[in-house]
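The structure appears below as structure tokens.
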Amino acid sequence: METKKFLLNERDIPLQWYNVVADMPAKPAPLIHPGTKQPLKAEDLYPLFSKAAADQELNFTDRWIDIPDEVREMYRIWRPTPLVRATGLEKLLNTPAHIYFKNESVSPVGSHKLNSAIAQAYYCKREGVTNITTETGAGQWGAALSLAAKHFGLELAVYMVKISYEQKPYRRSIMQTYGAEVIASPSMSTRAGRAIITERPNYQGSLGTAISEAVELATSTPNCKYVLGSVLNHVALHQTVIGLEAEKQMEMAGEYPDVVIACFGGGSNFSGLAFPFLRHKFSGERPSTIFIAAEPSSCPKLTMGEFRYDFGDEAGYTPLIPMYTLGHNFSPANIHAGGLRYHGAGSIISQLKHDGLIDAVDVDQLDTFKAATMFARSEGIIPAPESSHAIAAAVSEALKCKVEGKAKTILFNLSGHGLIDMTAYDRYFANDLSNYHVTKEEIAENTKQLEKIL
Ligand SMILES: *Cc1c(COP(=O)(O)O)cnc(C)c1O
């Protein structure tokens, strides 16, 4: 029988993260200070982030960055994660393709987000910070950070998008179990929150608003830092443990991927899997590997957005980021893949996409649940609605292989499991879900308002 699962030992947990910027043929344009409109310096970020994270954010030169022992020690709870050959799915699709997935769903909180949460909480602790704050949409990032904060003895306040706070109580319970304070956003605890509530009393919240609230709390509270779960370069950096492990595991399987796929919210799990493989494309060793970011058609920043400077949050507190964006005030439809409802892509990914080094596809909500159900029934794991975008893209590539009679090797990231998202599956089975598309006109209307910012 063929080997299905490729496992590493604890000593194979990477010693260093891979900083892709050092190898990029064209570097991303600089982040811009929203006040001075000058390129941002690491010092500009020190009031907001830990110093280590701020330095990593602007590090364009060091290819490898050491993972602190305390972080590796905590990674040992669940890392290295398995690489699995999806033989059940291959059989179901009757495809000549070889499909592999990296299983990040085995973390204690059920997603890849813990890889960066631990690193960021650790740096805050090391620098003498006592309180941290963040935002969360569907709750995966908040859950990961709650566990990390407790481990390092930090107090955490999480601004959770109000609609999720009310409709998805289980991740709130998880955060509270780990000891975090969870506040529904918009809230009356910040100026940004009060402004929105006054203007729109029934507003159900968005990730952008929650970021504004968390940033405001961090900058107005002594010894409090802000921690972000995606989009920024240092978050992508921490996630590269995924791809570095997968690289070794693909070697064990005796294969190298032709296609690397991950779902795309702000880009952290995609970056984590793709960057280590991309370095072999840059070096010319593996020029033909293709990289596909799978995003929802209701929030298609990479496939339909504009490449320009925009804010990372709704209120305009963050630095200006050179990004593919739908506009920072874009309100995506309320799809179940809450972690993918973000208006922009990080600066590294945006530059790579602009230079044609990575590709993107958009996937309809109903297709993601169809793929998720096939995957659950053939591989036994119920995927997160976010991860199901990657599965749908992998299925589509595998079916192309069948038509073309080619046996390509496909690798995708299973960023999380869906056991806390069963309401979404219920609605799918009850034919109660729809597809949402955004038109070019709607996007143009939205991005037109960006002209005054830079
Ligand atoms: C948050 C999340 C995502 C999307 O975020 P990225 O930063 O794009 O990776 C994807 N999958 C899961 C399971 C998540 O929790």
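Remember, it's 1-based here, ligands and their atoms both numbered in the order they're listed.
- Residue, atom and distance of the protein heavy atom nearest to atom 4 (C) of ligand 1 are G339 O, 3.4 Å.
- Near C263, meaning under 4.0 Å from any of its heavy atoms, are these atoms of ligand 1: 10 (C), 11 (N).
- Among residues two or more places apart in sequence or in another chain, the side chain to side chain contact (heavy atoms under 4.5 Å, CB included) test is passed with A444 by none.
- Put simply, the side chain of E213 gets close to the backbone of S187: a donor and an acceptor are under 3.5 Å apart.
- The shortest contact between atom 7 (O) of ligand 1 and any protein heavy atom is with S230 OG, 2.5 Å.
- Taking a cut-off of under 4.0 Å to the non-hydrogen atoms of S415, the atoms of ligand 1 that pass are 10 (C), 11 (N), 12 (C), 13 (C).
- Between the CD atom of Q365 and the CG atom of L433 there is a distance of 5.0 Å, given to the nearest 0.5 Å.
- A salt bridge is defined here as a Lys NZ or Arg NE, NH1 or NH2 lying under 4.0 Å from an Asp or Glu carboxylate O, and K248 with E251 fails to meet this definition.
- Of the N or O atoms in G267, one or more lie within a sub-3.5 Å distance of an N or O in ligand 1.
- Listed by number with element, the atoms of ligand 1 under 4.0 Å from a non-hydrogen atom of E386 are 10 (C), 11 (N), 12 (C).
- Close approach to Q140 involves these atoms of ligand 1, each under 4.0 Å from a residue heavy atom: 14 (C), 15 (O).
- Note on ligand 1: Q239 sits outside its first shell, no heavy atom being nearer than 4.0 Å.
- If you look at V235 next to ligand 1, there are no close heavy atoms at all, none under 4.0 Å.
- In summary, the atoms of ligand 1 found under 4.0 Å from a heavy atom of H112, numbered by their order in the structure, are 2 (C), 3 (C), 9 (O), 10 (C), 11 (N), 12 (C), 14 (C).
- Only backbone heavy atoms of F264 (N, CA, C or O) come within less than 4.0 Å of ligand 1; its side chain stays farther off.
- Partners of F291 according to the ring-ring contact (aromatic ring centres under 6.0 Å, His included) rule, which considers only residues two or more places apart in sequence or in another chain, do not exist here.
- E127 has no carboxylate O lying under 4.0 Å from a charged side-chain N of K51, or vice versa, which leaves the two without a salt bridge.
- Taking every heavy atom of G416 and a limit of under 4.0 angstrom, the matching atoms of ligand 1 come to 13 (C).
- With respect to atom 3 (C) of ligand 1, the closest heavy atom belonging to the protein is K113 NZ, 3.5 Å.
- Remark: R85 is not positioned above the aromatic ring of F6, lacking an NZ or CZ atom under 6.0 angstrom from the ring centre and at most 45 degrees off the axis.
- Under the 6.0 Å distance and 45° angle rule, R63 does not count as a cation-pi partner of Y18.
- For ligand 1, the atoms closer than 4.0 angstrom to any heavy atom of L340 are 4 (C).
- Under 4.0 Å is where a charged nitrogen must lie from a carboxylate oxygen, and between K281 and D23 no such pair does.
- One finds a salt bridge joining R427 and D432 here, because a Lys/Arg side-chain nitrogen approaches an Asp/Glu carboxylate oxygen to under 4.0 Å.
- Protein heavy atom in closest approach to atom 8 (O) of ligand 1: G265 N, 2.6 Å.
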